[in-house]
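Just below is one structure, and these are the notes that go with it.
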Amino acid sequence: MKPHAFAICAYKDSPYLETCIRSLKKQSRKSDIILCTSTPSPYIETLAETYDIPLFVRDGASGIGEDWNFAYHMADARFVTIAHQDDIYQKDYVKTLLEWYEKYPDMTLFTGGYAVVKGNKPVFFEKVEFIKRFLRLPLRLRGLSHLSWVKKSVLMFGNSICCPACAYNKERLGEPLFASSYRFALDWDALFKLADRPGRFICVEKPVLYYRVHDGAATKACIKDNSRAREEAHMFSKIWPGPVVRIIMHFYRKAYEEYTS
C-alpha cells in the first residue's frame with residue numbers, strides 16, 4: 001500500500017483547479033494524485049491528461065458527501081487527503097505528514113493550520129483562523145492526543161480543524177468516511193465520530209495550505225442559503241444544552257462576516 005495519496009475533488013470548471021494540481025505536483029515528498037468528479041467536462045479531462053493524473057468519474061447527482069466518499073474510496077493509500085480544488089498545498093505537506101506518522105504510528109488523522117487567500121492575495125491576519133488555532137491547543141499535548149476527550153475538546157466550540165488540511169488513515173478507519181446528511185458540517189460530524197475511535201489526532205500549527213475564500217466557494221453558498229447556520233446549530237445541540245447553543249450561535253453568525261466580506 002502506498003503511504004499517501006491526494007484525491008482531488010473537482011466540481012464543474014474551477015479556474016483554481018490547475019493551481020491546486022501544480023501545488024500537489026511540487027510536493028517535496030512525492031505522492032499519488034488522482035482526480036475525481038461527478039461533473040465531467042473537457043476542461044477537467046484536459047487537465048487530467050496534461051498532468052498525467054488518473055481521472056475517475058462518479059455516476060449520479062453531485063453531492064458533497066457522496067463526492068468525498070467516492071474520492072476517498074478511489075485513493076489506494078494508507079493516508080488519503082481529499083484535496084479541495086480551490087486550495088494550494090505547501091510543498092512539505094506530505095513530508096511533514098509522514099514524519100509525524102513515523103513518530104506516532106497510531107495516527108488516524110493528520111491536519112494543520114492554514115493561511116487565507118482572498119482575491120489571490122494572502123491575508124496576514126485572519127480572526128477566524130486565530131481563534132481556531134487557540135481552540136486546537138489541546139492537540140499540542142501529543143502524549144494525550146489519542147484520548148477521546150482531548151480529540152473532542154477541539155470540536156466542542158465548533159470545528160477548529162481545517163477540512164482540506166486533513167489526511168485520514170484509511171487503513172485504520174475503513175469506509176465510508178462520511179456518513180452524514182449535512183451539506184456543510186459533514187466533516188465536523190465525521191471528526192466528532194472519529195474522536196471516539198482508537199487513534200491519535202496530530203495537528204501541526206504551521207500553515208500546511210493556502211485556503212482560498214472566493215464568491216464561488218461552497219462555504220459562501222452555505223452561508224447565503226442559511227444551511228451553514230442550521231447545520232452548525234444542530235451540531236452544537238448534540239454537545240450543549242439549548243441556551244448555550246443560542247449564545248454560541250450568536251457569536252458564530254458574526255464570524256460569518258469573515259467569509260462574506
Check the orientation of [X] and [Y]. Use parallel for under 30°, tilted for 30 to 60°, and perpendicular for over 60°.
X: W100; Y: Y104; answer: parallel
X: F157; Y: W240; answer: tilted
X: Y101; Y: F79; answer: perpendicular

Any side-chain heavy atom of [X] sitting closer than 4.5 Å to one from [Y]?
X: K151; Y: F192; result: no
X: I21; Y: K25; result: yes
X: L55; Y: T37; result: yes
X: L109; Y: L191; result: yes
X: K30; Y: V94; result: no
X: V116; Y: Y114; result: yes
X: V117; Y: V213; result: no
X: L35; Y: L17; result: yes

Would a hydrophobic clustering, with Ile, Leu, Val, Met, Phe, Trp and Tyr connected at side-chain separations under 4.5 Å, put [X] with [Y]?
X: V80; Y: F70; result: no
X: F6; Y: M74; result: no
X: I161; Y: W149; result: yes
X: V57; Y: I34; result: no
X: V150; Y: F134; result: yes

request  = Check each of I64, L177, N159, I82 against D187 using the side-chain contact (heavy atoms from CB on, under 4.5 Å) test, and report the only one that passes.
outcome  =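 In the set I64, L177, N159, I82, the residue that makes a side-chain contact (heavy atoms from CB on, under 4.5 Å) with D187 is N159.
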
Reference residue C36; test side-chain contact (heavy atoms from CB on, under 4.5 Å); the match among Y72, F56, W68 =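 It is F56; the other options fail the test.
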
What is the distance from atom [atom1] of [X] to atom [atom2] of [Y], rounded to the nearest 0.5 Å?
X: T46; Y: Y51; atom1: OG1; atom2: OH; result: 11.5 Å
X: R230; Y: R183; atom1: CZ; atom2: CZ; result: 9.0 Å
X: I33; Y: Q27; atom1: CD1; atom2: CD; result: 8.0 Å
X: N169; Y: R197; atom1: CG; atom2: CZ; result: 10.0 Å
X: L209; Y: L24; atom1: CG; atom2: CG; result: 10.5 Å
X: K170; Y: D76; atom1: NZ; atom2: CG; result: 6.5 Å

Might you point out which heavy atoms bring [X] and [Y] nearest each other, and give the distance in Å?
X: H84; Y: C163; value: NE2-SG, 3.8 Å
X: Y89; Y: P164; value: OH-O, 2.7 Å
X: R142; Y: R200; value: O-NH1, 2.5 Å
X: W188; Y: L155; value: NE1-O, 3.2 Å
X: T111; Y: C166; value: OG1-SG, 3.7 Å
X: A5; Y: A75; value: CB-CB, 4.1 Å

Taking everything shown except [X] itself, do over 12 heavy atoms lie less than 6.0 Å from its [atom1]?
X: Y11; atom1: OH; answer: no
X: H146; atom1: NE2; answer: yes
X: K206; atom1: NZ; answer: no
X: E175; atom1: CD; answer: yes
X: K238; atom1: NZ; answer: yes
X: K26; atom1: NZ; answer: no
X: D13; atom1: CG; answer: yes
X: R29; atom1: CZ; answer: no

task = Starting from the C-alpha separation in whole Å, work towards a yes-or-no answer on side-chain contact (heavy atoms from CB on, under 4.5 Å) for V204 and F110.
result = CA-CA 8 Å; V204 297; F110 169 84; 4.0 Å; yes

Using modelled atom types and a 3.5 Å cut-off, is there a donor and acceptor pairing between side-chain atoms of [X] and backbone atoms of [Y]?
X: S14; Y: Q85; result: no
X: R212; Y: Y16; result: no
X: N69; Y: F178; result: yes
X: T39; Y: K12; result: yes
X: S145; Y: I202; result: no
X: E231; Y: Y182; result: no

For [Y], is there an ion pair with [X] - N to carboxylate O distance below 4.0 angstrom?
X: K152; Y: D196; answer: yes
X: R58; Y: E66; answer: no
X: D32; Y: K2; answer: yes
X: E232; Y: R228; answer: yes

Indicate whether any N or O donor in one side chain lies under 3.5 Å from an N or O acceptor in the other, for [X] and [Y].
X: T81; Y: Y93; answer: yes
X: D189; Y: S180; answer: yes
X: E129; Y: Y211; answer: no

message = Run K95 and E99 through side-chain contact (heavy atoms from CB on, under 4.5 Å) and show every step you take.
response = CA-CA 6 Å; K95 177 176 178 286; E99 285 175 348; 2.9 Å; yes

task = Verify side-chain contact (heavy atoms from CB on, under 4.5 Å) between D87 and Y210, making sure each step is shown before the conclusion.
result = CA-CA 6 Å; D87 300 330; Y210 289 99; over 6 Å; no

query = What do the steps show when you test D67 against S62 for side-chain contact (heavy atoms from CB on, under 4.5 Å), and what is the final call?
reply = CA-CA 7 Å; D67 289 348; S62 294; 4.0 Å; yes

